[in-house]
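Notes to accompany the following structure.
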There are 2 protein chains.
Amino acid sequence: MEQLQHWIEILEENGCRITSPRRVIIEILLNSPRALEPTEIYDLGREMNPGIGLVTVYRTLEKLEELGLIQRIHQEDGCHMVMPAVEGHQHYLVCTACGKTTVFRGDDLGALFSRVETNTGYQVNDHWLQLFGTCPDCKNDHKNG
Amino acid sequence: MEQLQHWIEILEENGCRITSPRRVIIEILLNSPRALEPTEIYDLGREMNPGIGLVTVYRTLEKLEELGLIQRIHQEDGCHMVMPAVEGHQHYLVCTACGKTTVFRGDDLGALFSRVETNTGYQVNDHWLQLFGTCPDCKNDHKNG
DNA sequence: CTTCTAAATGAAAATGATTATCATTATCAT
DNA sequence: ATGATAATGATAATCATTTTCATTTAGAAG
Ligand SMILES: [Mn+2]
Ligand SMILES: [Mn+2]
Ligand SMILES: [Zn+2]
Ligand SMILES: [Zn+2]
């Protein structure tokens, strides 16, 4: 749990107090193999600390995102999930069967952006790329069944 | 307005009735230079036909999406916008200043997908790419002021 | 042109996610 | 140990979207 200590230090460095709900929420985020929705974090959190409130989950996630410790993952319908952030530029690869989420890097979209800028006259400032697929475990599950 | 006729034909071919609200909503979609949120379509629709309801906007959009005539554009916060769909595989380029949205094609992400599949063991089935930038008009506005 | 029926509509309420309020609690610097 | 105030949690508010249901209407049939 050094990762947990690291997050706590960053919170302290930023003038935040270390509270029981925050510990619980951070632990949940760090131990989850997949991205979670706020209500999922809430449900898991209540198992550890029944007094915890959904509003505190939202507020803690807001703070953690502000500090760059977590990132949002977008879904078709609109509800967001969150997961620990990874340093630097990267994108998500989400398993559509079980939700397990992985990051990848090394996308080189520079050539595409240049082409698009030339063709459209727009200046491209940002991009948003997310991949969907089947993780190794779910591929096997499907084979066996 | 041949585009409008085309959409109406497709609705008819699929057993849908052609109603006044539907005409209004389709006209708004086809005449907008940018993607619209459901409430924006609702407000514009009321100017033409004050009796129209927001629920009908949602239902009509659902139907149009089902028929592949419109597509959703995702936003950071979660609320969706819609705009007429373009044939074939393409992605959106959204102006962050005025909202004007354009499509582009010719992304060749095959090499990236292969690399990701090798590195992660996932099978990549789908992808989601959206670019953000500044449109030509807004670039000029910024220069002048 | 009427008649008929299922599709479509709109008002109102329900739902689900997120945010705001505010009195109470608890962290942590002193 | 004490106090200032950050954080919490119960509650209510807000916002987008969906459901319900009684009423209207498009368009097929006669
Ligand atoms: Mn990238
Ligand atoms: Mn593509
Ligand atoms: Zn999986
Ligand atoms: Zn613009």
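We name chains A, B, ... by the order of the sequence lines, and we start the count at 1 in each one.
When rounded to the nearest whole Å, the span between CG of A:N14 and P of D:dA7 equals 11 Å. Atom-to-atom, CD1 of B:I8 to C1' of C:dA8 comes out at 15 Å; the value is rounded to the nearest Å. In this structure, NE2 of B:H80 is placed 13 Å from C1' of C:dA17, rounded to the nearest angstrom. Look at CD1 on B:I52: it is 15 Å from C1' on D:dT25, rounded to the nearest Å. Regarding B:R23, its CZ atom lies at a distance of 16 Å from the P atom of D:dT25, rounded to whole Å. D:dT17 atom C1' lies 13 Å from atom CD of B:E37, rounded to whole Å. For the pair A:M81 CE and C:dA17 C1', the interatomic distance rounds to 15 Å; values are reported in whole Å.
A:W128 and B:H74 share no donor-acceptor pair across their side chains, judged by distance under 3.5 Å alone.
When every heavy atom of B:P84 is checked against every heavy atom of B:L30, the shortest pair comes out as CG-CD2, 4.2 Å.
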Counting primed atoms, P, OP1 and OP2 as sugar-phosphate and everything else as base, the B/S/- map of nucleotides 23-30 of chain C against protein heavy atoms under 4.0 Å is ---BBS--
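The one candidate from A:Q130, A:R105, A:H127 that meets the side-chain hydrogen bond (donor to acceptor under 3.5 Å, both in side chains) condition with A:H91 is A:H127.
Residues forming a side chain to side chain donor-acceptor pair (under 3.5 Å) with A:E9 (at least two apart in sequence, or on another chain): none. Residues passing the side chain to side chain donor-acceptor pair (under 3.5 Å) test with B:D137, sequence neighbours excluded: B:K100. For A:D43, there are no side chain to side chain donor-acceptor pair (under 3.5 Å) partners two or more places apart in sequence or in a different chain. Shown here are the side chain to side chain donor-acceptor pair (under 3.5 Å) partners of B:R46, two or more places apart in sequence or in another chain: B:Y42. With sequence neighbours excluded, the residues satisfying side-chain contact (heavy atoms from CB on, under 4.5 Å) with A:T101 are A:A35, A:I73, A:M83, A:Y92, A:V94. Remark: B:L44 pairs with B:I28, B:L36, B:E47 by the side-chain contact (heavy atoms from CB on, under 4.5 Å) rule, at least two apart or across chains.
Less than 4.0 Å separates DNA chain D from no heavy atom of any residue of residues 42-50 of chain B. Of the residues in residues 53-73 of chain B, B:G53, B:V55, B:T56, B:R59 come within less than 4.0 Å of DNA chain C through at least one heavy atom, sorted by number.
Neither B:V103 nor B:L93 shares a network with the other; the hydrophobic side chains, linked directly or stepwise wherever heavy atoms of I, L, V, M, F, W or Y lie under 4.5 Å apart, form separate groups for each.
Clustering of Ile, Leu, Val, Met, Phe, Trp and Tyr by side-chain heavy atoms under 4.5 Å joins A:V55 with none of the others.
The shortest distance between side-chain heavy atoms of B:L11 and B:K63 falls below 4.5 Å.
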Give every donor-acceptor pair under 3.5 Å between a side-chain atom in residues 15-25 of chain B and any protein atom, sequence neighbours left out.
unit_1: B:T19; atom_1: OG1; unit_2: B:R22; atom_2: N; d: 3.4
unit_1: B:S20; atom_1: OG; unit_2: B:N49; atom_2: ND2; d: 2.9
unit_1: B:R22; atom_1: NH1; unit_2: B:R17; atom_2: O; d: 2.9

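Remark on DNA chain D: of its neighbouring residues A:P21 and B:P38, the 5'-side contact belongs to A:P21, judged by nearest-heavy-atom nucleotide.
Consecutive Watson-Crick or G-U pairing (both distances under 3.5 Å) extending over three or more pairs maps onto DNA chain C as C:1-30 with D:1-30.
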